[in-house]
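Beneath this line is the structure, given in structure tokens, with notes to follow.
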Amino acid sequence: GNSVTQMEGPVTLSEEAFLTINCTYTATGYPSLFWYVQYPGEGLQLLLKATKADDKGSNKGFEATYRKETTSFHLEKGSVQVSDSAVYFCALRWGLAGANNLFFGTGTRLTVIP
Amino acid sequence: EAGVAQSPRYKIIEKRQSVAFWCNPISGHATLYWYQQILGQGPKLLIQFQNNGVVDDSQLPKDRFSAERLKGVDSTLKIQPAKLEDSAVYLCASSSDRAQYFGPGTRLLVL
């Protein structure tokens, strides 16, 4: 079946530190991969996505590359800010035409301290 | 562009009571989803609508949960009767171009 495994948190970093949140997946075929972010008190927001192998998604200084050979989609940022404190969810989309289902990981809470 | 709207934002009920949640998707989005997010877990799909038809409800506990989208726009999700383990955040999302946009969620606490 389809599943997403995320690095467990919480993760605490100092401002300007390098961030990596690991994500690996299991899926049949070729899923699309996503990172969603949930800021305190807000709903889930799409951060970035990649729809095929070797694609790199990027947004707000965050990047993730779709690695088919390692079934991974690790999230990285070179220099985190306090405002990046949030919960990050890795997700995959796979399904029959029209299904468009998202399978989420358990989330990783990031806290950035000044 | 207005986002996905949900109400209420918070609800506290006792077990065996019933509760309903409302969702208004982004205008023009044909696909609507309801997710359940239990504390410490990722969201889990409960049901997906395409216009007013159900595409996938395989994860919906149909003995107590029901959902409808009668006119293909707004949707309601109902739980009757509620159990303690239904305490969670219920998220509504809509999509048009294969990217899903989420509402703020309804936080349900069952006592």
Side-chain angles (χ1 to χ4, degrees), chain A residues 1-11 21-27 30-52 55 57 59 73 75 86-109, chain B residues 1-10 21-26 29-60 69 72 88-107:
Chain A
N2 300 308
S3 67
V4 174
T5 302
Q6 261 183 260
M7 167 180 170
E8 288 196 18
V11 174
I21 300 178
N22 290 339
C23 172
T24 58
Y25 67 90
T26 302
Y30 304 98
S32 296
L33 301 173
F34 303 81
W35 277 100
Y36 278 82
V37 58
Q38 191 170 34
Y39 297 103
E42 298 184 17
L44 282 165
Q45 300 176 25
L46 177 64
L47 180 60
L48 54 84
K49 66 179 180 181
T51 57
K52 61 183 187 297
D55 268 3
N59 185 27
F73 193 55
L75 182 68
V87 181
Y88 292 82
F89 291 92
C90 185
L92 70 82
R93 183 181 65 219
W94 180 90
L96 299 175
N100 199 19
N101 294 339
L102 279 175
F103 296 88
F104 285 88
T106 54
T108 302
R109 181 176 299 277
Chain B
E1 179 182 76
V4 176
Q6 290 188 247
S7 68
R9 292 295 308 274
Y10 305 92
F21 312 127
W22 174 82
C23 173
N24 179 238
I26 293 173
H29 282 193
T31 311
L32 184 147
Y33 312 79
W34 283 103
Y35 289 84
Q36 180 192 57
Q37 186 178 10
I38 293 172
L39 187 65
Q41 299 181 20
K44 184 187 80 172
L45 180 70
L46 292 175
I47 189 167
Q48 178 187 349
F49 291 94
Q50 182 75 15
N51 296 309
N52 61 350
V54 176
V55 174
D56 183 355
D57 64 356
S58 58
Q59 300 296 308
L60 189 72
R69 194 184 184 200
V89 176
Y90 291 85
L91 297 168
C92 180
S94 68
S95 70
S96 64
D97 58 352
R98 296 172 65 78
Q100 293 188 24
Y101 299 88
F102 285 80
T106 296
R107 186 175 298 276

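So you know, we letter chains A, B, ... as the sequences are listed, proteins then strands, and number each from 1.
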Worksheet item: Pick from Pro43(B), Pro104(B), Ala93(B): which one has the most heavy-atom pairs with chain A under 4.5 Å?
Response: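 Top option by heavy-atom pairs under 4.5 Å: Pro43(B).
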Worksheet item: Side chains of Tyr33(B) and Leu102(A): closer than 4.5 Å at any heavy-atom pair?
Response: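 Side chain of Tyr33(B) against side chain of Leu102(A), heavy atoms only: no contact under 4.5 Å found.
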Practice prompt. With a 4.5 angstrom heavy-atom cut-off, could you sort out which part of Arg9(B) is near chain A: side chain, backbone, both or neither?
Written response: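 Arg9(B) touches chain A through side-chain heavy atoms alone.
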Fill in: Engaged part of Gln6(B) at the chain A interface, taking heavy atoms whose separation is under 4.5 Å
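Interface part for Gln6(B): neither.
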Fill in: Neighbour count >12 (heavy atoms, 6.0 Å) for atom CD, Gln41(B)
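It does: Gln41(B) CD has more than 12 such atoms within range.
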Worksheet item: Does atom OH of Tyr39(A) have more than 12 heavy-atom neighbours from other groups under 6.0 Å away?
Response: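 Yes, OH of Tyr39(A) has more than 12 neighbouring heavy atoms, counting only those of other groups under 6.0 Å.
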Worksheet item: chain B heavy atoms under 4.5 Å from Gln38(A): which part of the residue, side chain, backbone, both or neither?
Response: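 For Gln38(A), the contact with chain B is made by the side chain alone.
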Worksheet item: Heavy-atom distance under 4.5 Å to chain B: side chain of Leu44(A), backbone, both or neither?
Response: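 Both backbone and side chain of Leu44(A) come within 4.5 Å of chain B.
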Worksheet entry | Residue pair Gln37(B) / Phe89(A): nearest heavy atoms and the distance that separates them |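 It is NE2-CZ, 3.1 Å.
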Item to complete: Using the test side-chain contact (heavy atoms from CB on, under 4.5 Å), find all partners of Asp55(A) that sit at least two apart in sequence or belong to another chain.
Response: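 Per chain and number, Asp55(A) pairs via side-chain contact (heavy atoms from CB on, under 4.5 Å) with Ala50(A), Thr51(A), Lys52(A).
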Practice prompt. Report the residues that fulfil ring pair (Phe, Tyr, Trp, His ring centres under 6.0 Å) with Phe21(B), sequence neighbours left out, ordered by chain and then residue number.
Written response: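 Testing Phe21(B) for ring pair (Phe, Tyr, Trp, His ring centres under 6.0 Å), a comparison that skips the adjacent residues, returns Tyr90(B).
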